[in-house]
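Step one of this worksheet: look at the structure below.
Note that this is a predicted model, so its numbers are computed, not measured. Atoms considered below: every heavy atom in the structure, side chains included; atoms not considered: hydrogens, waters and symmetry mates.
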Amino acid sequence: MSHLGGRAALYLLAVVRAHHSRKRVAPTPKGSDAVLSALSTLGLIEVDPGLEGFVVPGDTPAWSYTWPAVPFEELESYLTDYLLQRGREPEYAMTWLRVWQELLPQEVMAYLQHQLRLHHFPDLYMSELARLIQPHDASYSLGHWRYACWASVRSMASVSLQYPGNAEILKFTLSSEMPRRLKMARSSTEGKLCFSASHTLPDSALTTVIATVATDLGDRYWMVPPSLAAI
């Protein structure tokens with residue numbers, strides 16, 4: 001098992017758990033595709049993009065398990081034990097930090113899209129986020145971003161009542177509200193403006209595995225910005 005490496009073991013466990021629980025593999029379809037592609041390159045699974053995925057139809061392509069070293073029915077237990085033991089060793093800390101940093105933008109994108117759709121806004125407003133979120137930004141936690149997305153989209157909904165159909169004003173509202181709400185969230189006391197996962201948008205399998213199996217981050221995954229010290 002050790003020759004797999006930490007990231008491959010993490011990815012494979014996430015895919016197996018997603019299969020069993022019918023959760024998303026990663027926060028976004030693009031993130032899920034990247035996980036499956038990495039595992040396919042390593043010869044651990046075979047991906048068939050021509051079929052609808054049996055994990056989350058329309059989100060994750062169908063795949064089959066091809067690694068002969070461990071029977072599929074024993075795989076989840078093997079990977080869990082490996083990550084709970086070896087995964088907690090210091091040598092893996094930097095790998096887990098990189099995964100956490102990679103997941104944060106995906107989590108924010110998924111949450112913003114979820115909020116936009118709840119308020120019946122099209123996905124075209126997602127492009128505003130690309131200018132606001134920077135790779136490896138350690139200024140804000142996922143919980144801060146969730147609050148900012150929620151509050152900003154609510155502001156958009158209010159503005160749309162005054163200016164129905166005016167996409168430019170709505171884009172301006174989102175791009176101006178988001179930084180303001182992030183600063184409010186960071187300065188709030190006792191985490192009042194730090195949101196956990198929504199019941200209508202549960203954590204992906206990869207999120208759960210990195211926060212509770214490979215590390216003991218738990219709620220710190222969304223309460224604090226990604227950092228080596230937190231792992």
Side-chain angles (χ1 to χ4, degrees), residues 18 22-34 49 52-53 55-61 100-208 219 221-226:
R22 301 191 65 80
K23 282 187 174 183
R24 300 165 297 154
V25 174
T28 65
K30 186 176 180 180
S32 296
D33 288 346
E52 284 195 349
V55 181
V56 182
D59 179 25
T60 305
W100 190 5
Q101 291 171 331
E102 292 162 11
L103 281 173
L104 180 61
Q106 293 186 46
E107 301 271 18
V108 177
M109 288 178 63
Y111 195 80
L112 177 59
Q113 183 181 57
H114 181 64
Q115 290 298 318
L116 288 170
R117 290 179 176 180
L118 285 177
H119 289 80
H120 307 291
F121 289 122
D123 289 350
L124 66 90
Y125 296 105
M126 294 290 295
S127 61
E128 296 303 303
L129 185 62
R131 299 187 299 103
L132 299 172
I133 189 166
Q134 301 297 320
H136 310 313
D137 184 2
S139 302
Y140 305 102
S141 70
L142 173 57
H144 292 150
W145 277 104
R146 284 174 175 155
Y147 162 75
C149 290
W150 172 83
S152 298
V153 174
R154 283 174 63 89
S155 294
M156 288 175 64
S158 178
V159 169
S160 70
L161 295 176
Q162 304 172 55
Y163 304 95
N166 194 321
E168 291 306 312
I169 288 181
L170 292 179
K171 287 180 180 179
F172 174 78
T173 301
L174 180 60
S175 62
S176 59
E177 276 290 291
M178 192 78 78
R180 188 174 76 87
R181 296 291 184 169
L182 282 169
K183 291 176 182 177
M184 287 176 59
R186 188 171 57 181
S187 61
S188 67
T189 58
E190 301 178 1
K192 291 179 179 179
L193 302 182
C194 189
F195 283 12
S196 62
S198 167
H199 291 297
T200 54
L201 186 70
D203 284 333
S204 69
L206 184 55
T207 296
T208 302
D219 287 346
Y221 174 82
W222 57 269
M223 293 181 72
V224 302

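Considering every non-hydrogen atom in both K23 and S204, the closest pair reads CD-C, 4.5 Å. Across all their heavy atoms, A26 and G31 have their closest contact at CB-C, 3.6 Å. What you find for A138 and P225 is that their closest heavy atoms are O-CB, 3.3 Å. The nearest pair of heavy atoms linking L193 to Y147 is O-CB, 3.2 Å. In this structure, A18 and V25 approach most closely via the heavy-atom pair CB-CG2, 3.8 Å.
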Test ring-ring contact (aromatic ring centres under 6.0 Å, His included) applied to F195 and W150, step by step: CA-CA 9 Å; F195 283 12; W150 172 83; 5.4 Å; yes
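Rounding to the nearest 0.5 angstrom, the gap separating the CD atom in E128 from the CG atom in L112 is 10.0 Å. Taking CD of Q106 as the reference point, atom CE of M109 lies at 8.0 Å (rounded to 0.5 Å). Atom CH2 of W222 and atom SG of C194 lie 5.0 Å apart (nearest 0.5 Å). Atom CE of M184 and atom NZ of K192 lie 12.0 Å apart (nearest 0.5 Å). The CG atom of L132 lies 7.0 Å from the CG atom of L174; values are rounded to the nearest 0.5 Å. Rounded to the nearest 0.5 Å, atoms OG (S176) and CZ (R181) are 10.5 Å apart.
At distances below 3.5 Å, at least one donor-acceptor pair connects side-chain atoms of S188 with backbone N or O atoms of A185. Although no hydrogens or angles enter the test, the distance criterion places no donor-acceptor pair under 3.5 Å between the side chain of S158 and the main chain of R154. Looking only at distances, no side-chain donor or acceptor of S152 sits under 3.5 Å from a matching main-chain atom of C149.
Residues F172 and V159 fail the side-chain proximity criterion, which asks for heavy atoms closer than 4.5 Å. Counting heavy atoms from C-beta on, the side chains of E107 and R146 come closer than 4.5 Å. Side-chain atoms of H114 and V153, non-hydrogen and from C-beta on, never get closer than 4.5 Å to each other. With a 4.5 Å cut-off on side-chain heavy atoms, T173 and Y125 do not count as touching. For the pair D123/R117, a side-chain contact is recorded, criterion being any heavy-atom separation below 4.5 Å from C-beta on.
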Contacts under 3.5 angstrom, residues 162-171 side chains, donor-acceptor by atom type, not counting sequence neighbours:
residue, atom, partner, partner atom, Å
N166, OD1, E168, N, 3.4
N166, OD1, I169, N, 3.1

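Annotation: M156, atom CE; neighbour count of heavy atoms from other residues, nucleotides and ligands within 6.0 Å is above 12. Heavy-atom neighbours of R186 CZ from other residues, nucleotides or ligands within 6.0 Å: above the threshold of 12.
Between W100 and Y221, the two ring planes are parallel [angle under 30°; tilted spans 30° to 60°]. Taking the six-membered ring for Trp and thresholds of 30 and 60 degrees, Y140 and H144 have ring planes more than 60 degrees apart, a perpendicular arrangement.
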